[in-house]
Each structure stands twice: as C-alpha cells, then as structure tokens.
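Structure first, then comments.
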2 protein chains.
Amino acid sequence: MTLAYSFEDSRPEPRSPSLVEAMDRLGVRMAFAKDEEVYAQDEPAELMYRVISGMVRTTRLMSDGRRQIGEFYAPGQLFGLEAGPMHRYSAEALCASTVQVIRRSIVRTHLAEGDLERAIWDTTQRELERAQDHLMVLGRKTACERVASFLMHLAQDGGSEAVDMPMGRQDMADYLGLTIETVSRMLTQLQSSKIVEFASCRKFRVQKWDVLERLAA
Amino acid sequence: MTLAYSFEDSRPEPRSPSLVEAMDRLGVRMAFAKDEEVYAQDEPAELMYRVISGMVRTTRLMSDGRRQIGEFYAPGQLFGLEAGPMHRYSAEALCASTVQVIRRSIVRTHLAEGDLERAIWDTTQRELERAQDHLMVLGRKTACERVASFLMHLAQDGGSEAVDMPMGRQDMADYLGLTIETVSRMLTQLQSSKIVEFASCRKFRVQKWDVLERLAA
DNA sequence: CGCTGGATTGAGTCCGGTCAAGCCTTGTGG
DNA sequence: CCACAAGGCTTGACCGGACTCAATCCAGCG
C-alpha cells in the first residue's frame, strides 16, 4: 500500500465516541484493494463500517451502466449504517483502504442502551443533509459551479494546505453528474484563472478562497 | 376552494398511527392559500405538519433565484419533521391546502415514550430514501427520463385512473432540474407517442405502463 | 526505455436552455 | 352572455454548454 492517502484518522467522527471505542475494541480491520467492493446494493445491512485509511464511495448503477456516486467517506467516518434493512447503495474502496467492520448485534450487546441507535440516528441525519445539499448541486448548478463546490468541500477543513484528492476524474464526474472531459476542462479553467493550483492531478491548493466560494454559491 | 385537488386522506400515512391520532386530537388545522409559506428555511423546527388536503412543496433558493424543489407532500404525509433544530428547506402550499399543525413538545407529553421519536425516525428514513432516488434522477437521467420518472411516481398508486397533478409546470421543472419549456416538450412528446394521455394539462392517464416504466428506468 | 492507464485537449454534435410569439383556460366585469 | 384581461402552457427558432469521439499527453512502473 502506498502512503499517498493514509491520512489516518485526521478527520475523526465528531459524535458517538463510545461507539467508535466499541468498534476499536471489538471490530475487525479489513483491507480493500482499489475498486474492491465493501458491500453490495440490496444486500442486508447487518454490519457497520468505519473508514480507517483510504476512501470509500457509495454508488448506484443503472442497467445501461450510468453511475451515480452518493457520497465519499474519508477516514474516521461511519458508513453503511442504513436506516432500513437493506443497503441502498453499494460501497467500494476507491483506492487501497482499510475499513473497520463490526456486526451491529455485537455493538448492541456491548453498548449502553440507545448508544447504537443514537449513532445510527446521527449518521442518518448527516447523510440526509449531505444528500439534500447534493440535490441542489445536481439540479441547478452549472458544470463550473459543481466542480467548484466539490473542491470547496474537499478543501473545507484543510486550511491553506495542499489537499489530496484520492478519487479519479471518473469518480468526480459520477458524483457531480458530469463527464470526465467536462470535469477536466473545468479544472484547467479554474487553474488558469489562478483560483486553484494543481501540484499534480490529485493534489491541489486553493489560491482564491473568496472567488471559489462565490463560484460554489 | 375548488374541488379539483381535494383527494382528502386518500393516501394515509402508513406508520405511526398513534402519532396521527394525537395530531387529530390536539393539532390545529390551518388553511394556506396557493404559494403561501408554511415555514421558512433556517427557521427553528419546533412544529410538525401533516397535509390534510392540497399539496405542499419544500424548496431551497439560490441567491440568483434558481430554485430546487426537495419534495412534494400529498394528503396524509408528514413533513417539516427535520432531524436537526432548523428547517433546511422552506415549505409552501402549491395550491390552496389545509395542513394540520402541532407543537412537538405537546406531542411528546401526550404520547407513549418514544412514539414521537419513532415517527421522526420513520419520516427521516423515508426522506433519505426519496432524496437518494432523486439524486439518480438529477445526476444521470435525460430530460425525457426525468419527466417519465415523475409521471410514473405520481401514477404509482393510482391504478389506471386519471391522475391529478396539483403542481404547475414550473414546480415540475424545479423538481426535475429542467426548464418549463423542456418539461412541456417532453410531456407533449410522451403524449404523441401515446404513452400517456392528457385530459387537461393537470390531469393524465397512463396508456403504456411498460414503456413508461422502461423510460423511467 | 517502452507500456499502460489516467488525464488533457480538440473538433464537432446535440440536448436542453433562452427568447419570443401564440394559444388556451379561467375569471371578471360590462 | 360576451369581451377582455391575465396567467399558465405550448410551440418555434436559435443558441450554447456539456457530451461524444478521438487524438495526444503524461506519470508511474516494470
């Protein structure tokens, strides 16, 4: 495994510390290769997951191959905590990743009454908020605004540091409802306007926060 | 009020019957005119709402006026039951409507422990599922597929009956991430292919379920 | 050093947006 | 009952942003 994207636990889960602790004690760490599936759509959701290193994406596929990415999960974030009994998206590692896995029933027996429920609740709530923000992006924003929003979001809590982008152009495109070519064009456009600067095609730095913020609207 | 859209309680809320009962006993019925606001975005969410007649939409606005509709709520459905402390969308009646309103704190004191929580949970869960389906529509479907999905959804539980569409073209457009003109064109296209038939511009009947379903993908 | 897969760039097309005209329904007032 | 106005819907002509297809570039790696 390369060191490139192993920013271990740099963004810890803000809530449910006791759950995370229980997962640490009782959970199993599993390694996933790039593009390896963590779970499948319509599979029963009896496990829960937490990203340790790398990054995970949730995707949904149409019969003709069109793909929509629901969300990206960075180290520290919980995922696969569906409200219903089934997974509504499939989940895949988008680069070599390690994920902590634990059976829900085990968590339940080892946690104070309601702790698991609270964690699921917090996660679902955040999930809904993210989906609602995503709707605005997909429904009403231009290609340039979508890409700007995306970079903004990635850079959010990175200070003025260089930000790593574990996902490739295709993943960005499928997240933003665009094509790779359009994503690429918008990125070069943002770069030539000196709004962001790319060290490599997976690493950038924001140069004009105000402009980027205004573009992301 | 015209009789056009008064399909009172034809689609009852499937879960949380005790909550609905409590709302019936303790809630207040309020009438809203077309386009009247039920609650505003970023307003504290201390009330909960249930559509009695008419229809309600939740919307989010961008600074330049672009609008995204989050969801439509038919009679019987609960809305405004946000997970967080604030409303993340504003809600408006899209035609003359009556809405049952009740303060959350009152519900809590009159219901068995956990009943309110369960209702909020069920609603949030359904909300998330709807948002996730919506993402696929906005991210990866063509104009024709979006409109087909929309009609499909409306007609879902209407049998082969004529289906009423309380919302205007602008509302459809803002829900589907399109313009009124495109929506209109797709509707005439679907009609001239004999897939659906419009009695008036707000009332239709599905003629070829299989084709519509395939289009909606 | 060449191979490979991802990223960029270019040329051309097309879907959906824009602008503008016309139509139809509904409601109002003479 | 008709005339007219107003708003919503449809239709047409045109435009442009994003897609498609294809060539090229580039970094990582054997």
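In what follows, every chain begins at residue 1, and chains take the letters A, B, ... in the order their sequences are listed.
Residue B/Thr179 has a polar side-chain atom (N or O) positioned under 4.0 Å from OP1 or OP2 of C/dG17. Contact between the side-chain N/O atoms of B/Thr182 and the OP1/OP2 oxygens of C/dG17 is found at a separation under 4.0 Å.
The side chain to side chain donor-acceptor pair (under 3.5 Å) search around B/Asp24 returns B/Gln100, not counting sequence neighbours. Judged as a side chain to side chain contact (heavy atoms under 4.5 Å, CB included), and not counting sequence neighbours, the contacts of B/Val211 are B/Ile195, B/Lys208, B/Arg214. Residues passing the ring pair (Phe, Tyr, Trp, His ring centres under 6.0 Å) test with A/Tyr89, sequence neighbours excluded: none. The side chain to side chain contact (heavy atoms under 4.5 Å, CB included) test applied to B/Asp35 returns B/Arg57, not counting sequence neighbours. Evaluation of the side chain to side chain contact (heavy atoms under 4.5 Å, CB included) rule for B/Lys203 yields B/Ala162, B/Asp164, B/Ala199, B/Ser200 as partners, not counting sequence neighbours. Contacts of B/Glu145 classified as side chain to side chain contact (heavy atoms under 4.5 Å, CB included), with partners at least two apart in sequence or in another chain: A/Arg66, B/Lys141, B/Thr142. Partners of B/Phe32 according to the ring pair (Phe, Tyr, Trp, His ring centres under 6.0 Å) rule, which considers only residues two or more places apart in sequence or in another chain, do not exist here.
Residue contacts shown for B/Thr188 are limited to sugar-phosphate atoms, with no base heavy atom under 4.0 Å away. Contacts of A/Leu178 with the nucleic acid, taken as non-hydrogen atoms under 4.0 Å apart, involve only primed sugar atoms and P, OP1 or OP2.
Between B/Asp64 atom CG and C/dT18 atom P the separation is 11 Å, expressed in whole Å. Summarising the geometry, the separation between CG on B/Leu176 and C1' on C/dG17 is reported as 15 Å, rounded to the nearest angstrom. Residue A/Met165 contributes atom CE, which lies 11 Å from atom C1' of C/dA7 at whole-angstrom precision. In this structure, CG of B/Leu187 is placed 10 Å from P of D/dT11, rounded to the nearest angstrom. Between B/Phe198 atom CZ and D/dT11 atom P the separation is 12 Å, expressed in whole Å.
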For residues 172-187 of chain A, run the donor-acceptor check on the side chains, cut-off 3.5 Å, and write out each pair with its distance to 0.1 Å, sequence neighbours left out.
residue, atom, partner, partner atom, Å
A/Asp174, OD1, A/Gln170, NE2, 3.2
A/Asp174, OD1, B/Arg140, NH2, 2.8
A/Asp174, OD2, A/Arg67, NE, 2.6
A/Asp174, OD2, A/Arg67, NH2, 2.9
A/Asp174, OD2, A/Gln170, NE2, 3.4
A/Tyr175, OH, A/Glu71, OE2, 3.3
A/Thr179, OG1, A/Thr182, N, 3.3
A/Thr179, OG1, A/Thr182, OG1, 3.0

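Contacts of residues 135-151 of chain A with DNA chain D (heavy atom under 4.0 Å): A/Thr142, A/Ala143.
Between the side chains of B/Glu37 and B/Ser90, no donor-acceptor pair is found at a separation under 3.5 Å.
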Below 3.5 Å is the cut-off: list the nitrogen or oxygen pairs between protein and nucleotides 6-9 of chain D, distance only.
residue, atom, partner, partner atom, Å
D/dC9, OP1, B/Arg202, NE, 3.0
D/dC9, OP1, B/Arg202, NH2, 3.1
D/dC9, OP2, B/Arg169, N, 3.3

Which pairs, protein N/O on one side and nucleotides 19-21 of chain C N/O on the other, fall under 3.5 Å?
residue, atom, partner, partner atom, Å
C/dC19, N4, B/Glu181, OE2, 3.1

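Using the six-membered ring where Trp is involved, A/Tyr49 and A/Phe79 have ring planes that are parallel, under 30° apart on the 30 and 60° scheme.
A side-chain hydrogen bond (donor to acceptor under 3.5 Å, both in side chains) check over residues 187-198 of chain A, counting only residues at least two apart or in different chains, returns the pairs A/Glu197-A/Arg205.
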